[in-house]
Trainee: 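Provided herewith is a single structure, encoded as structure tokens, for subsequent inquiry.
Ligands are counted one by one from 1 in listed order, and the atoms in each one are counted from 1 as well.
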Amino acid sequence: MKENEIKKIYKKKINQVIKNNKLYFEKNKPQISDADYDKLKSEIFELEKKYKYLKDKNSPSLSVGFAPSRNFKKKQHRVPMLSLSNAFDRDDLKNFEKKIYNFLNLKNNIDFEYSVEPKIDGISASLTYVNGKLSHGLSRGDGKEGEIITENLKTILDIPKEIKDPEFPKDIDIRGEVFIKNKDFQKIEDKFANPRNAASGSLRQKNPEEVKKIPLNFIAYTYGYYKNKKFNKQSEFIKALKKWGFKISEYNSVIKGVNNLIKNHEQFEKNRFKLDYDVDGLVYKLNDFNLQDRLGFVANAPRWATAHKFSAENAFSKIIDIGIQVGRTGALTPVAKIKPVNVGGVVVSNATLHNEDEIKRKDIRIGDTVKIERAGDVIPHVISVDFTKRNKQSKKYFFPDRCPSCGSKVLKEYNNQTKKYDAVKRCTSDGYICEKIAIEKIKHFVSKEALNIDGLGKKVVEQFWNLKLIRLPQNIFELDYDKIQKIDGWGKLSVSNLKYAINKSKKITLDKFIFSLGIRHIGKENAKLISYNIKSIENLTNISSNYDFDNFLGIDGIGETQINSLKKFFSNKINTEVIKKLSKFIIIINNNINLDGKLSNKTFMITGKLQGVSRAEAKSLIEKKSGKILSSISKKLNYLIVGDKPTAKKVTLAKNLKIQIINQKEFEKILN
Ligand code: IVH
């Protein structure tokens, strides 16, 4: 890539950071998750590392957070307020320690001692005390410069205004977290999305009298500027904080070694909801100040500390409504619309209820207060109902028996294997007839794993649908680009990019094309198997309802469920029409699997264990040469490969059918 282009990409990312910082720090309205924000930051770090000429005064490598808002006068922090690196699991912690060992040139057999402190999810503040008197208090701001919010901080009862202890340092910044307790938040929850925003918003009120009305708390955990530091350990410093009159967390502890950190983390994570405030992890700080000083900082975080985050995050909120989403395969998924709530740093306003049975089992109703959980990137879901908060007038929720999109009947399918009805209700319409299903099918068609059309994401598909530009997959190749260029948000460049991506997507392997059709139960693997059999898009267009799908039976991986699904799909006229229309645009290219390989038309089955190669590898070796693996013995089978401890029944059956039985050596010969 050219320098210009790299600079352009870099600048775009910097602008995203600026925008999101503003939303987060100034407006208290984050729009992206912490994880996405961290990703954005690390992408910038990567670029800067790779291309030394990249520099920007707004880069997160140079600043923390965002410049303070204009409501307050600003002041420089005497010592910058930094952030913490994150760890999620043992590997991250080991890695964190490894860097310390390397930096300190130590052998990795020492168990470090850590000060372990809950990471309260509030906002940090720095209090400067001179001669025992609170002289001023600053918000974190961009880490270098904070807002002078002294008067507001003074309204917080936990913050001492004067400290008479003769041991208290003459000039020191005390730092800690301002937060609101959940029970207090409930009283003002109409005004703020979550406790953190409430604390931040409240602390930034212009009028201290207003701040007073909201009960804020302060827990101290570190220092900024500190002349003539007298302590050797963080745990000793924390003890002194308490003695001087600050509130400290009652859950602070000292722990040695990563194993013990992890045990403690597991324990704490289980109990965190008993706390009356949000905690999003545990902070580990090397307890020894001497080591801390030696290690110093990297970018804007200390080398000697990290935040061990909790995996699944919980929060309580109220169900405002229950909506029904219709998926690509017609599955109806109930989704609770909830009052926006911060679940581990992400504002959540929808949570899945999975299916009808789940709603029944948990007796979830509109208006209920529910516990929401979010783990990593998984969709937030409702865990349980707080029945003590249920309104007496509330009514049981009835799941619709018609598709909310097209009005067709919804049904639970009977599963022949489990001999049970599915938990999921499905729209019984024929695919593209149902608007919601059609949109989802098109999203799938263009998705990464299918046609992989860059710039045609889910939002764009919806936009094009609403503008009636697309109704069926083939419409993507018939788009009126002049029209698109006139749509708000689209310009010459983005349209030409889209055009390029769409043209590029026309060249595709047959298996990917089959996958992109979104036939139920035909995933990527099955699409591959079918593509070996069908061989060309022409053959695919010739498939109609009277096609003998039992041809596919016996292919390893294709069973009754898949055959039935294929039959249903190809008996639908719209589907076969779509394929015919698409075949006019699509150019099938060879995948790296050689369709005319040495073993084409040869079928294999393995019984027993092979030496030195797993069954999966053997399968892939056969497929690479265009051979096929069958799952059952029939006349169609050419070779039965017999390894250690084969199934006797299979061998006998193969003998009876006069199928060639070979051992591993013979198999290898055939392969080579
Ligand atoms: S120490 C130099 N200790 O976490 C170390 N921070 O991501 C940075 N936080 O801005 C601060 N509990 O708002 C420290 N026990 C604790 C903390 C803590 C919460 C917050 C704080 C800081 C952020 C860093």
Trainee: Among all the protein's non-hydrogen atoms, which is closest to atom 21 (C) of ligand 1, and how far away is it?
Mentor: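 Answer for atom 21 (C) of ligand 1: Tyr221 OH, 3.0 Å.
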
Trainee: Could you tell me which residues satisfy salt bridge (charged side-chain N to carboxylate O under 4.0 Å, His left out) with Asp89, sequence neighbours excluded, listed by chain and number?
Mentor: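 Partners of Asp89 under the salt bridge (charged side-chain N to carboxylate O under 4.0 Å, His left out) test: none.
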
Trainee: Between Met81 and ligand 1, which part of the residue brings a heavy atom under 4.0 Å of the ligand: side chain, backbone, both or neither?
Mentor: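 No part of Met81 comes within reach of ligand 1.
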
Trainee: Find all atoms of ligand 1 within a distance of less than 4.0 Å from any non-hydrogen atom belonging to Lys285, and give their numbers and elements.
Mentor: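 Those of ligand 1 that fall under 4.0 Å from Lys285 are 1 (S), 3 (N), 14 (C), 15 (N), 16 (C).
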
Trainee: Considering only non-hydrogen protein atoms, determine which one is nearest to atom 13 (O) of ligand 1 and report residue, atom name and distance to 0.1 Å.
Mentor: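 Its nearest protein heavy-atom neighbour is Glu177 OE1, 2.8 Å.
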
Trainee: Please list the nearest protein heavy atom to atom 8 (C) of ligand 1 with its residue and the distance rounded to 0.1 Å.
Mentor: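 Here the nearest protein heavy atom works out to Leu82 O, 3.8 Å.
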
Trainee: Can a donor-acceptor pair be found, under 3.5 Å and without considering hydrogens, that links the side chain of Ser384 to the backbone of Lys371?
Mentor: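 Side chain of Ser384 to backbone of Lys371: no pair is present.
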
Trainee: Is it the side chain, the backbone, both or neither of Lys119 that has a heavy atom closer than 4.0 Å to ligand 1?
Mentor: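 It is both backbone and side chain that touch ligand 1.
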
Trainee: So that I can tick it off, tell me whether Lys50 and Glu46 are bridged by a salt bridge, with the cut-off set at under 4.0 angstrom between side-chain N and carboxylate O.
Mentor: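 Salt bridge between Glu46 and Lys50, a charged N being under 4.0 Å from a carboxylate O: no.
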
Trainee: State, yes or no, whether a side-chain contact exists between Glu117 and Ile219 at a heavy-atom distance under 4.5 Å.
Mentor: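 Contact flag for Glu117/Ile219 side chains = no.
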
Trainee: Using a 4.0 Å cut-off to any heavy atom of Glu117, which atoms of ligand 1 qualify?
Mentor: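 Here the atoms of ligand 1 in question are 3 (N), 15 (N), 16 (C).
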
Trainee: Could you tell me which atoms of ligand 1, counted from 1 in the order shown, lie closer than 4.0 angstrom to a heavy atom of Arg140?
Mentor: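 Result: 10 (O), 22 (C).
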
Trainee: Under 4.0 Å from ligand 1, counting heavy atoms only, is it the side chain of Pro118, its backbone, both or neither?
Mentor: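 It is the backbone that touches ligand 1; the side chain stays farther off.
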
Trainee: Considering only non-hydrogen protein atoms, determine which one is nearest to atom 5 (C) of ligand 1 and report residue, atom name and distance to 0.1 Å.
Mentor: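 Result: Leu84 CD2, 3.8 Å.
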
Trainee: Check each atom of ligand 1 against the heavy atoms of Ile120 and keep those under 4.0 Å away; list them by number with element.
Mentor: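 Under 4.0 Å from Ile120, ligand 1 has these atoms: 12 (N), 19 (C).
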
Trainee: Please answer whether the main-chain N or O of Val370 pairs with a side-chain N or O of Asp368 as donor and acceptor at a distance below 3.5 Å.
Mentor: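 No; zero donor-acceptor contacts below 3.5 Å.
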
Trainee: So, is the end of the Lys229 side chain (NZ or CZ) under 6.0 Å from the ring centre of Tyr223 and within 45° of the ring's axis?
Mentor: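 No - Lys229 does not lie over the ring of Tyr223 by the 6.0 Å and 45° rule.
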
Trainee: Among all protein non-hydrogen atoms, which one is nearest to atom 2 (C) of ligand 1, and what is the separation to 0.1 Å?
Mentor: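 For atom 2 (C) of ligand 1, the nearest protein heavy atom comes out as Pro302 CG, 3.7 Å.
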
Trainee: May I ask you to say whether Lys362 pairs ionically with Glu358, meaning some side-chain N is under 4.0 Å from a carboxylate O?
Mentor: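 Looking at Lys362 and Glu358, the cut-off is met.
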
Trainee: Would you sort out whether Asp363 and Arg390 count as a salt bridge (charged side-chain N to carboxylate O under 4.0 Å, His left out), showing the intermediate values?
Mentor: CA-CA 11 Å; Asp363 187 17; Arg390 173 170 282 173; 3.0 Å; yes

